[in-house]
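These notes are about the structure you will find just below.
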Number of protein chains: 2
Amino acid sequence: MSSALRPDPDREPALRLSEFLPYRLNVLAETVSEGLARSYGTRFGISVPEWRVLATLGEFRSMTAKAVGAHSRMGKVKVSRAVAALEGRGLVRRRRNEADLREAFLVLTPEGERLYRKIVPLALAHVERLTAGLSAADRAHLDRLIDLVMRRSRELGGALPENGNG
Amino acid sequence: MSSALRPDPDREPALRLSEFLPYRLNVLAETVSEGLARSYGTRFGISVPEWRVLATLGEFRSMTAKAVGAHSRMGKVKVSRAVAALEGRGLVRRRRNEADLREAFLVLTPEGERLYRKIVPLALAHVERLTAGLSAADRAHLDRLIDLVMRRSRELGGALPENGNG
DNA sequence: TATTGTTATACTCTATAACTATA
DNA sequence: TATAGTTATAGAGTATAACAATA
């Protein structure tokens, strides 16, 4: 261990990376995602996009792919692939919409529902452990702060990508 | 717009994705990163790992690749590639460590320093805009909450990947 | 012509591990 | 034997656009 982890005393560091909000948010999100993946993602062989679709259908029961994407902030390509994977595993089923044959309603199969109900308590328990050090007021505050920064970030032009030719 | 974005009234949704902290953190980090990339990432043709190396060297002046990785939470492979790219563009230079020839000290070249000093005010201004809706107390609170959740997440097993055979 | 959704292509990213050179 | 760092390989992820079907 040869070089020291302290700023050069001669120079005013213009920016401390470890205090830079975008960096902090990235590292935090990454670390949390990883922990989550370890605690059940790997176990159930489910990717993040697949989990988002599963969670959305578990919550809303029946939705078009477009609506799923709107709710879980994914583009249509990502949704399409996640749905195909879930359908291939018998977790999701399509119901044609007679009123508009371009789209279909997606629903969880009984197996999908079972998996959803198996994952949810684990997910909630994980968040519980994650926020164990926070008071109820802290948690509410955190939610509010995330919403505020999120809104500002969207206003500043951070939208979702991949909406190519839609 | 055929299907509605509201929960099925018959069922108690077991989990609301839009309130699920890991999801929220992911979307927030993604949105912020994107906005940042738009405001100057693309403009200077610099990737996130490259930016992290640049920022670390700008802050600490001279460090080994290992120390850079430790400070910016990246594995040695990612650091190595980012450094190679920056070196290729004349932004970073290596200084051999006579005391241990396995490692080298990395420093910004004058051009690297110039780029760093050009990006930093933009980065800081971006964060400023991002947190414009927050009071000073809110910002401090947000920092504290991020630290807390971060620490918990690490305790729960969210470390950094890729440390393969190191 | 516009919209929903799928597929094809190409490209980036990156994990893993093998490797080099020093220690 | 262990460590700093590089490179090779291969696989995952995904943006973009072209496409098909329907409206």
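Order of the sequence lines fixes the chain letters, A, B, ..., with proteins taken first and strands second; residue numbering starts at 1 for each chain.
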Tell me what A104(B) touches on the nucleic acid: a base, only sugar-phosphate, or nothing, going by heavy atoms under 4.0 Å.
sugar-phosphate
Using whole Å, what does the distance between atom C1' of nucleotide dA2(D) and atom CD of E103(B) come to?
14 Å
dC19(D) C1' sits how many Å from R102(A) CZ, rounded?
16 Å
Round to a whole Å and report the spacing from CZ of R96(B) to P of dA21(C).
14 Å
In whole Å, what is the span from the CZ atom of R52(A) to the P atom of dG13(D)?
13 Å
How many whole angstroms separate atom CG of N26(A) from atom P of dT14(C)?
11 Å
Euclidean distance, atom NZ of residue K76(A) to atom P of dT16(D) [Å, nearest integer]:
13 Å
Does a nitrogen or oxygen in the side chain of K78(B) sit under 4.0 Å from OP1 or OP2 of dT14(C)?
yes
Which of parallel (below 30°), tilted (30 to 60°) and perpendicular (above 60°) describes H71(B) and F60(B)?
perpendicular
Are OP1 or OP2 of dA4(D) and a side-chain N or O of K66(B) less than 4.0 angstrom apart?
yes
Could you state the CZ-P distance from R73(B) to dA15(C), rounded to the nearest angstrom?
15 Å
Between E50(B) and R52(B), does any side-chain N to carboxylate O distance fall below 4.0 Å?
no
side-chain N/O S80(B) vs dG5(D) OP1/OP2, d < 4.0 Å
no
Within this structure, what is the CE-to-C1' distance between M74(B) and dA15(C), rounded to whole angstrom?
15 Å
Would you mind telling me which residue lines up with the more 5' stretch of DNA chain C, V83(A) or P49(B), judged by nearest nucleotide?
V83(A)
Any side-chain N or O of R94(B) less than 4.0 Å from the OP1 or OP2 oxygen of dT6(D)?
yes
Using the closest heavy atom to pick a nucleotide of DNA chain D for each, name whichever of R81(A) or E87(B) lands nearer the 5' end.
E87(B)
Sub-4.5 Å side-chain heavy-atom contact between T131(A) and R152(B):
no
Regarding R117(B) and E113(B), does a basic nitrogen lie under 4.0 Å from an acidic carboxylate oxygen?
yes
Determine whether the side chains of T64(B) and N97(B) contain a donor N or O and an acceptor N or O closer than 3.5 Å.
no
